[in-house]
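The structure under discussion appears below in the form of structure tokens.
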Amino acid sequence: MRIVTHISELRHLIRQTKAQSQTIGFVPTMGALHAGHLSLIQEAKDKSDRVIASIFVNPEQFGPGEDYDRYPRQAEKDAEMLRAAGTDILFLPAKEEIYPQPPRVKVLPGPVANVLCGKTRPGHFSGVGLVVAKLLNLVSPDFLFLGQKDLQQTVIIRQLIEDLNFPVELVVCPTIREADGLAMSSRNRYLTPEERQTALILNHTLQHLKTLAQPGATVQSLLEEGHQYFKNAPGLQTDYLEIVNGTTLETLEVILPEENPVIAIAGFVGKTRLIDNTFVF
Ligand code: AMP
């Protein structure tokens with residue numbers, strides 16, 4: 001595996017790969033890798049000739065008071081994991097390589113950025129859109145692999161790709177979970193053992209509601225049931241519990257398979273913000 005820190009070298013390697021008519025699968029990450037990230041690498045390996053991963057903790061997508069400074073950074077360990085998983089190139093740029101000056105151009109996603117996580121994280125998806133647009137231009141992959149766990153991110157990036165005509169196919173990969181159902185996340189390492197236990201309520205609530213979400217069920221009744229369900233988890237401060245159309249993120253009133261309903265939840269356990277979601281069907 002080649003570790004590349006400079007754009008010029010990355011571009012050189014990409015040109016070589018393209019000259020050999022090899023397809024490129026790209027997995028962007030912020031590091032602190034876990035089996036969820038590695039599942040994206042595996043999917044990329046299955047689908048493409050060459051796999052490029054990036055590790056970049058993107059300052060543009062963190063709001064004031066969020067965890068940019070304390071976000072876990074472990075480049076050597078991550079590189080080892082990526083190497084063992086069969087990655088061909090790791091792009092590991094410094095902040096100055098990606099942002100040699102404060103960005104003058106913004107990426108402004110549409111209304112889908114204002115719901116769910118966008119309500120409490122203003123500007124977050126604009127920052128995500130900017131860095132993904134830059135990375136897609138730098139890597140010019142044939143396939144982009146993103147995790148379903150960040151549902152809203154997948155919807156916004158799909159719109160970015162379509163509206164700006166990036167010649168890349170988006171592949172959304174399933175959420176990988178710990179044995180007890182907790183969605184894997186780099187932020188799980190912030191949790192104390194007690195908080196780790198409390199965090200299980202997110203997935204438990206999703207699974208509970210999923211069993212009740214039969215076609216024709218009203219969303220309001222399901223959400224009331226959900227709020228009752230996690231009332232008994234005192235360590236959880238819910239941000240939202242919503243049932244939305246998984247393609248448009250529009251809120252739903254009734255569960256109908258053709259609306260592709262997804263139950264999405266976010267909340268703080270202690271100081272750690274966690275998200276999770278599940279498709280109903
Ligand atoms: P991050 O490093 O958190 O920015 O995540 C990088 C990519 O990994 C994103 O596309 C995430 O959606 C994906 N990802 C994060 N956690 C998981 C998980 N538990 N299962 C599958 N993919 C994940």
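Note that ligands are numbered from 1 as they come in the structure, with each ligand's atoms numbered from 1 the same way. Note that the numbering runs from 1 along the sequence shown for the chain.
Taking every non-hydrogen atom of Leu40 and a distance limit under 4.0 Å, the qualifying atoms of ligand 1 come out as 7 (C), 8 (O), 10 (O), 13 (C). Close contacts of ligand 1 with Leu146, meaning ligand atoms under 4.0 Å from a residue heavy atom, involve 10 (O). Atoms of ligand 1 lying under 4.0 Å from at least one heavy atom of Gly36, given by number and element, are 18 (C), 20 (N), 21 (C), 22 (N). In summary, the atoms of ligand 1 found under 4.0 Å from a heavy atom of Met30, numbered by their order in the structure, are 1 (P), 2 (O), 4 (O). Against a heavy-atom cut-off of under 4.0 Å, Met184 is close to the following atoms of ligand 1: 16 (N), 17 (C), 18 (C), 19 (N).
Taking 4.0 Å as the cut-off, Ala35 does not count as a neighbour of ligand 1 on heavy-atom distance.
Looking only at heavy atoms of the protein, atom 20 (N) of ligand 1 is closest to Ile176 N, 2.8 Å.
Taking every heavy atom of both residues into account, Ser186 and His37 meet most closely at OG-CE1, 3.5 Å. Cys117 and Gln152 get closest at one heavy-atom pair: N-OE1, 3.0 Å.
For atom 3 (O) of ligand 1, the candidate residues are His37, His34, Arg177; the nearest heavy-atom contact is made by His37. Between the choices Pro28, Gly147, Ala183, Pro174, the shortest heavy-atom distance to atom 6 (C) of ligand 1 belongs to Pro28.
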- [ ] In sequence, state the C-alpha distance, the side-chain angles, and the governing distance for Arg50 and Gln16, and then conclude on side chain to side chain donor-acceptor pair (under 3.5 Å).
- [x] CA-CA 11 Å; Arg50 287 271 171 262; Gln16 278 184 348; over 6 Å; no
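Looking at Asp150 next to ligand 1, an N or O pair under 3.5 Å apart turns up.
Under a cutoff of 6.0 Å and an axis angle of 45°, Arg73 and Tyr68 form a cation-pi pair.
Note on Leu151 and Tyr240: same hydrophobic cluster, where clusters join Ile, Leu, Val, Met, Phe, Trp and Tyr whose side-chain heavy atoms are under 4.5 Å apart, directly or indirectly.
Considering Thr5, Val139, Leu135 in turn, Val139 is the only one that fulfils the side chain to side chain contact (heavy atoms under 4.5 Å, CB included) rule with Leu10.
No side-chain donor from either of Asn245 and Glu250 sits under 3.5 Å from a side-chain acceptor of the other.
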